[in-house]
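Structure first, commentary second.
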Amino acid sequence: MRAASGADGLVLLAEKYYPVADGEYVRDNTVGAMIGQEALRKALELALLQDVGVFHVHMHFPSPRLWFSATDLREQAKFVPDFFKVSPQMPHGAVVLNDKALAGRIWTAPTHVKNIDEFNIVGTRSTVGRSAADGSTDFFA
């Protein structure tokens with residue numbers, strides 16, 4: 001992830017996606033999927049060597065409101081601040097998505113986190129999605 005100051009705040013640009021290898025998940029019956037220490041080590045190394053921000057991205061199945069689970073929020077508080085130890089000048093964070101929307105949180109410092117309030121998807125069909133005041137994304141289907 002690259003970052004720049006924009007007219008209305010911080011602009012993040014997703015540059016690359018690195019999937020977690022199947023063998024880097026750990027068995028944990030309390031969640032749908034849990035990444036292990038090796039995957040986190042690789043992400044820390046990426047932040048250090050490429051001087052980029054790292055965002056943990058995962059999916060949730062559709063529901064009336066897209067947001068992070070209590071487990072997601074607890075685990076993010078544990079691992080996202082660690083990225084500032086290797087890449088302190090870049091923002092880091094987490095994004096959750098499904099087939100209809102995205103929601104996210106960004107850390108600009110180890111103890112400063114806020115919700116991402118807008119996502120712009122540029123492609124053959126460009127879209128702009130805005131979050132609710134609490135950061136979640138409402139669906140009206």
Side-chain angles (χ1 to χ4, degrees), residues 1-123 125-141:
M1 188 76 60
R2 300 288 179 185
S5 294
D8 294 327
L10 191 61
V11 176
L12 304 173
L13 181 62
E15 187 176 64
K16 292 183 183 175
Y17 169 72
Y18 295 91
V20 174
D22 289 344
E24 294 173 350
Y25 287 93
V26 296
R27 182 173 293 271
D28 185 331
N29 294 329
T30 66
V31 294
M34 176 75 74
I35 59 174
Q37 292 298 317
E38 181 61 16
L40 288 172
R41 185 199 62 75
K42 285 182 179 179
L44 287 163
E45 185 176 271
L46 182 72
L48 174 67
L49 298 178
Q50 295 190 19
D51 195 28
V52 294
V54 173
F55 279 69
H56 174 253
V57 179
H58 71 285
M59 293 187 72
H60 282 188
F61 291 102
S63 65
R65 177 162 279 202
L66 176 66
W67 190 238
F68 299 101
S69 69
T71 301
D72 292 335
L73 296 171
R74 182 186 68 239
E75 295 300 315
Q76 288 169 13
K78 292 179 187 177
F79 74 81
V80 173
D82 288 343
F83 288 105
F84 288 94
K85 295 174 184 172
V86 295
S87 185
Q89 70 288 350
M90 295 299 295
H92 304 283
V95 172
V96 62
L97 58 98
N98 62 29
D99 61 338
K100 295 184 180 183
L102 299 102
R105 300 174 73 210
I106 180 173
W107 279 253
T108 54
T111 59
H112 188 255
V113 60
K114 67 175 269 183
N115 297 336
I116 297 173
D117 58 20
E118 183 176 306
F119 289 88
N120 293 278
I121 301 168
V122 180
R125 181 176 166 242
S126 297
T127 60
V128 175
R130 297 198 58 81
S131 298
D134 66 358
S136 66
T137 305
D138 290 320
F139 301 139
F140 300 98

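Only a predicted model underlies this, so the values are computations on that prediction, with no experimental measurement involved. Note: hydrogens, waters and symmetry copies are ignored here, and every other heavy atom, side chains too, is used. The first residue of the sequence shown is numbered 1, and numbering continues consecutively from there.
With sequence neighbours left out, the side-chain hydrogen bond (donor to acceptor under 3.5 Å, both in side chains) criterion links K78 to E75. With sequence neighbours excluded, the residues satisfying side-chain contact (heavy atoms from CB on, under 4.5 Å) with M34 are V26, D28, V31. The ring pair (Phe, Tyr, Trp, His ring centres under 6.0 Å) check on F84 picks up H92, with sequence neighbours excluded.
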Check your understanding: Should T71 and T30 be marked as a side chain to side chain contact (heavy atoms under 4.5 Å, CB included) after you check the CA-CA gap, both sets of side-chain angles, and the distance that decides it?
Key -> CA-CA 9 Å; T71 301; T30 66; 5.9 Å; no

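Using a 4.5 Å cut-off on side-chain heavy atoms (C-beta onward), W107 and Q76 make contact. The shortest side-chain heavy-atom distance between K42 and Y18 does not fall under the 4.5 Å cut-off. V80 is not listed as a side-chain neighbour of R105, based on a closest heavy-atom distance of 4.5 Å or more.
A donor-acceptor pair under 3.5 Å links the side-chain atoms of H60 to the main chain of W67, judged by distance alone. Although no hydrogens or angles enter the test, the distance criterion places a donor-acceptor pair under 3.5 Å between the side chain of N98 and the main chain of K100.
When all heavy atoms of V54 and A43 are compared, the pair lying nearest together is CG2-O, 3.7 Å. Scanning both residues, V86 and L44, for their nearest heavy atoms gives CG2-O, 3.5 Å. Considering all non-hydrogen atoms of both residues, P110 and P81 come closest at O-CG, 3.6 Å. Across all their heavy atoms, F83 and A47 have their closest contact at CD2-CB, 4.2 Å.
None of L97, V57, I116, V96 except one satisfies the side-chain contact (heavy atoms from CB on, under 4.5 Å) rule with L102; the exception is L97.
Rounding to the nearest 0.5 Å places CD1 of I106 at 4.0 Å from CG of L12. To the nearest 0.5 Å, the span separating NE2 on H58 from CD1 on I35 amounts to 10.0 Å.
The pair R41-E38 counts as a salt bridge, with a side-chain nitrogen and a carboxylate oxygen less than 4.0 angstrom apart.
No more than 12 heavy atoms of other residues, nucleotides or ligands sit less than 6.0 Å from atom CD of Q37.
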